[in-house]
Amino acid sequence: MDIRIQAIHFDATEQLKEFIQKKLDKLTRFADDIQAAEVVLKVVKPEVANNKEASVKLMVHGADFFVDKTSNSFEESVDLCVDVLKRKLEKHKEA
């Protein structure tokens, strides 16, 4: 799976990129025809809590899935996105 990570207005650390890679790789258990993933990370309003937004676009053979979540950390936002994508992939597989 080809994973592209884009950090808007900041530089994502290697540790964060590896975390995202590991989380998205786990999705291959739910669908073996995932072609690519695009992850966009951005800080919504730096002065408030819950300001780390992660959006994930997952390209699967025959469908695209998009999820975006906002929380206190990028890791938590990515976790929330992956949870939703798991459910979407399971539903897609059943259809």
Side-chain angles (χ1 to χ4, degrees):
M1 169 181 14
D2 176 35
I3 299 174
R4 281 177 285 184
I5 301 170
Q6 181 182 7
I8 298 176
H9 301 304
F10 76 99
D11 292 324
T13 64
E14 273 309 308
Q15 188 178 2
L16 179 59
K17 289 178 183 177
E18 287 171 14
F19 173 83
I20 293 168
Q21 181 93 34
K22 220 187 305 185
K23 285 290 182 180
L24 292 177
D25 280 342
K26 288 182 181 176
L27 290 174
T28 57
R29 284 186 284 176
F30 299 93
D32 52 4
D33 56 348
I34 298 173
Q35 296 157 346
E38 292 176 4
V39 181
V40 178
L41 306 170
K42 63 182 169 188
V43 179
V44 186
K45 293 181 180 173
E47 65 278 356
V48 297
N50 279 343
N51 64 352
K52 309 289 191 297
E53 181 181 292
S55 56
V56 180
K57 182 178 180 185
L58 201 62
M59 281 71 91
V60 182
H61 185 70
D64 287 356
F65 300 106
F66 181 81
V67 180
D68 66 333
K69 296 289 178 189
T70 306
S71 65
N72 285 322
S73 71
F74 286 117
E75 288 84 358
E76 188 181 346
S77 296
V78 169
D79 263 342
L80 293 170
C81 286
V82 168
D83 287 343
V84 172
L85 286 168
K86 279 180 194 173
R87 289 194 298 275
K88 286 186 176 200
L89 288 170
E90 287 170 345
K91 280 184 184 175
H92 176 68
K93 202 174 193 178
E94 291 169 6

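For Arg4, the side chain to side chain donor-acceptor pair (under 3.5 Å) partners are Glu38, not counting sequence neighbours.
In the hydrophobic clustering of ILVMFWY residues, with side-chain heavy atoms under 4.5 Å counting as a link, Ile5 and Val67 come out together. Follow the hydrophobic side-chain contacts under 4.5 Å out from Ile34 and you reach Val84 in the same cluster.
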- [ ] Check step by step if side-chain contact (heavy atoms from CB on, under 4.5 Å) holds for His61 and Gln35.
- [x] CA-CA 7 Å; His61 185 70; Gln35 296 157 346; 3.6 Å; yes
- [ ] Walk me through it: do Phe19 and Val78 pass the test side-chain contact (heavy atoms from CB on, under 4.5 Å)?
- [x] CA-CA 9 Å; Phe19 173 83; Val78 169; 4.2 Å; yes
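Put simply, CD on Gln15 and CD1 on Ile20 are 11.0 Å apart, with the number rounded to the nearest 0.5 Å. Remark: Gln21 CD to Ile3 CD1 distance equals 4.0 Å, nearest 0.5 Å.
Of all the heavy atoms in Glu53 and Phe74, the pair that sits closest is O-CE2, 3.7 Å. Residues Leu24 and Met1 approach most closely at O-CE, 3.2 Å, considering heavy atoms.
A 4.5 Å side-chain heavy-atom check between Val56 and Val40 finds every atom pair outside the cut-off. Leu41 is listed as a side-chain neighbour of Leu16, based on a closest heavy-atom distance under 4.5 Å.
More than 12 heavy atoms of other residues, nucleotides or ligands sit less than 6.0 Å from atom CG of Asp2.
For residues 64-90, the salt bridge (Lys or Arg N to Asp or Glu O under 4.0 Å) pairs, not counting sequence neighbours, are Lys23-Asp79.
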Would you be so kind as to tabulate the donor-acceptor pairs closer than 3.5 Å made by side chains of residues 26-33, with sequence neighbours excluded?
residue, atom, partner, partner atom, Å
Thr28, OG1, Asp25, O, 2.6

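Side-chain N or O atoms of Asn51 include none that pairs as donor or acceptor with a backbone N or O of Val43 at under 3.5 Å. Remark: the backbone N or O of Lys52 is paired with a side-chain donor or acceptor of Ser77 at under 3.5 angstrom.
When each of Leu80, Val60, Leu58 is checked for a side chain to side chain contact (heavy atoms under 4.5 Å, CB included) with Leu85, only Leu58 meets the rule.
The aromatic rings of His92 and Phe65 sit perpendicular, their planes meeting at an angle over 60°, well past the 30° parallel limit.
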